[in-house]
2 protein chains.
Amino acid sequence: MSEKFIHFRKFLAERGYKTTRQRDLIARTLFQSGRHISVEELYQHVRKQDPRIGLVTVYRTLKLLMEAGLVEERHFGEGHTLYEEGLREHHDHLICTHCGKIVEFENHIIEGLQEEVAKKYGFIILSHKHELYGLCETCQPSTPQGRPHENLTTLPVSSA
Amino acid sequence: MSEKFIHFRKFLAERGYKTTRQRDLIARTLFQSGRHISVEELYQHVRKQDPRIGLVTVYRTLKLLMEAGLVEERHFGEGHTLYEEGLREHHDHLICTHCGKIVEFENHIIEGLQEEVAKKYGFIILSHKHELYGLCETCQPSTPQGRPHENLTTLPVSSA
DNA sequence: CTTGAAATTGAAATTCAGTTTCATCTGAGG
DNA sequence: CCTCAGATGAAACTGAATTTCAATTTCAAG
């Protein structure tokens with residue numbers, strides 16, 4: 001049993017919340033799955049193990065996991081909300097608009113420059129979002145081509 | 001009559017679309033309003049001039065204006081979609097989480113570093129989103145306090 | 001002008017992600 | 001093994017955005 005799992009149980013107990021079959025299953029499944037997962041994906045995985053679990057419970061459990069600091073919600077443009085492990089070092093994302101692959105990066109120089117920008121305009125930064133959208137190595141025209149992600153027909157293309 | 005307005009009419013004609021009272025009014029109102037406007041705000045402004053215009057038409061016209069490159073859609077975290085003038089120089093945003101004020105910035109060094117990051121991971125960047133969330137001068141604890149924005153009770157707080 | 005086909009409009013219905021409601025069920029402390 | 005606050009899940013609801021469709025308008029050809 002992972003330490004995150006224990007942490008979650010402790011969190012629940014502390015707040016007078018209950019440890020239930022559903023919460024256990026949802027948390028376990030989430031911790032076992034890859035970096036960035038959507039509610040729907042998580043729901044399907046959970047459902048395979050127990051078809052009686054409702055989508056509402058997945059939403060509710062994710063909220064608790066966020067309160068516990070174990071999970072973070074990320075909005076990758078319109079309607080692409082994913083969840084990833086929390087409590088980790090800060091990082092930003094590179095997102096392939098073709099296959100949906102997500103790579104994390106961090107760059108201290110950029111972070112420093114952000115502070116300079118904020119200072120210039122008199123802002124105090126509380127958080128930030130820095131996402132680079134493009135094509136990963138596999139999906140670039142010259143190479144053998146990765147296959148397109150099902151749900152990524154229209155991935156965010158914000159600031160040009 | 002502004003050049004953007006003419007551009008829009010030309011765009012419509014080229015594609016066999018029609019110039020209508022509603023499209024004229026919506027486009028004119030949008031071009032006259034400030035930098036970042038929401039659909040609802042635009043709808044209200046338009047409605048003052050012609051109460052019969054439907055919200056659907058505003059959505060449809062915004063889509064056309066985007067196709068024409070005259071407008072850009074920006075998603076500032078969950079449910080805060082704003083529209084701003086297109087065809088301008090690239091820039092990113094500083095957003096005050098207290099009063100909703102939005103300031104634009106650009107930083108070539110950051111843009112350059114982004115390319116380096118992308119290169120490191122074999123990505124080709126097509127677009128990016130860089131948003132700094134925090135408190136503007138007016139809303140910082142020490143100063144006289146700006147008043148909170150109505151619709152900004154829960155502004156995006158993504159990556160810490 | 002007049003006409004009519006094609007495009008546009010707006011009200012209402014629909015979608016989609018996410019939340020709320022509520023009757024029923026269940027975990028865990030006594 | 002009791003009890004009851006907390007949890008569950010089905011169904012209803014929300015809010016933003018899109019689709020449908022009958023009625024209306026544009027505009028180019030007569």
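Here is how names work: the chains are called A, B, and so on, in the same order as the sequence lines, proteins then strands, and each is numbered from 1.
For DNA chain C, the neighbouring residues in residues 10-18 of chain A, judged by any heavy atom under 4.0 Å, are A/K18. Applying a 4.0 Å cut-off to non-hydrogen atoms, the residues of residues 44-62 of chain A that approach DNA chain C are A/V56, A/Y59, A/R60, listed by residue number.
Side chain of B/K4 to main chain of B/A27: no donor-acceptor pair is present (N/O by atom type, distance under 3.5 Å, no hydrogens or angles). Between the B/S38 side chain and the B/L82 main chain, no donor and acceptor come within less than 3.5 Å of each other. Listed for the B/Q140 side chain is a donor-acceptor partner under 3.5 Å among the backbone atoms of B/L135. The main-chain N or O of B/T19 is never found under 3.5 Å from a side-chain atom of B/R9 such that the two would form a donor-acceptor pair.
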Please tabulate, one pair per line, all N/O donor-acceptor pairs under 3.5 Å involving side-chain atoms of residues 53-65 of chain A, not counting sequence neighbours.
from  : atom 1 : to    : atom 2 : distance (Å)
A/T61 : OG1    : A/T57 : O      : 2.7

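Remark: B/H45 pairs with no residue by the ring-ring contact (aromatic ring centres under 6.0 Å, His included) rule, at least two apart or across chains.
Hydrophobic clustering places B/F11 together with B/L70 (ILVMFWY residues linked when any side-chain heavy atoms are closer than 4.5 Å, directly or through intermediates).
The footprint of chain B on DNA chain D, defined by a heavy-atom cutoff below 4.0 Å, extends from D/dA16 to D/dC27.
Heavy-atom neighbours of B/I109 CD1 from other residues, nucleotides or ligands within 6.0 Å: at or below the threshold of 12.
Between B/T19 and B/Y43, the residue anchored closer to the 5' end of DNA chain C is B/T19, taking for each the nucleotide with the nearest heavy atom.
For A/H90 and A/H130, the gap between ring centers reaches or exceeds 6.0 Å.
Of the residues listed (B/E41, B/H80, B/E84), the one engaging B/H36 in a side chain to side chain contact (heavy atoms under 4.5 Å, CB included) is B/E84, and it is the only one.
Remark: B/Q22 is in phosphate contact with C/dG10, judged by side-chain N or O atoms under 4.0 Å from OP1 or OP2.
Counting to the nearest Å, the P atom of C/dT26 and the CZ atom of A/R21 are 8 Å from each other. Distance CD (A/E40) to C1' (C/dG18): 12 Å, rounded to an integer number of Å. Between A/H75 atom NE2 and C/dA17 atom P the separation is 14 Å, expressed in whole Å. A straight line from CG of B/L65 to P of C/dT8 spans 13 Å, rounded to a whole angstrom.
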How would DNA chain C look in dot-bracket form, 5' to 3', counting Watson-Crick and G-U wobble pairs with both distances under 3.5 Å and writing | for bases paired to another strand?
||||||||||||||||||||||||||||||
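When all heavy atoms of B/H7 and B/A68 are compared, the closest pair comes out as NE2-O, 3.8 Å. When all heavy atoms of B/E72 and B/M66 are compared, the pair lying nearest together is C-SD, 4.5 Å.
Residue A/I26 holds its CD1 atom at 7.0 Å from CD of A/Q22, rounded to the nearest 0.5 Å.
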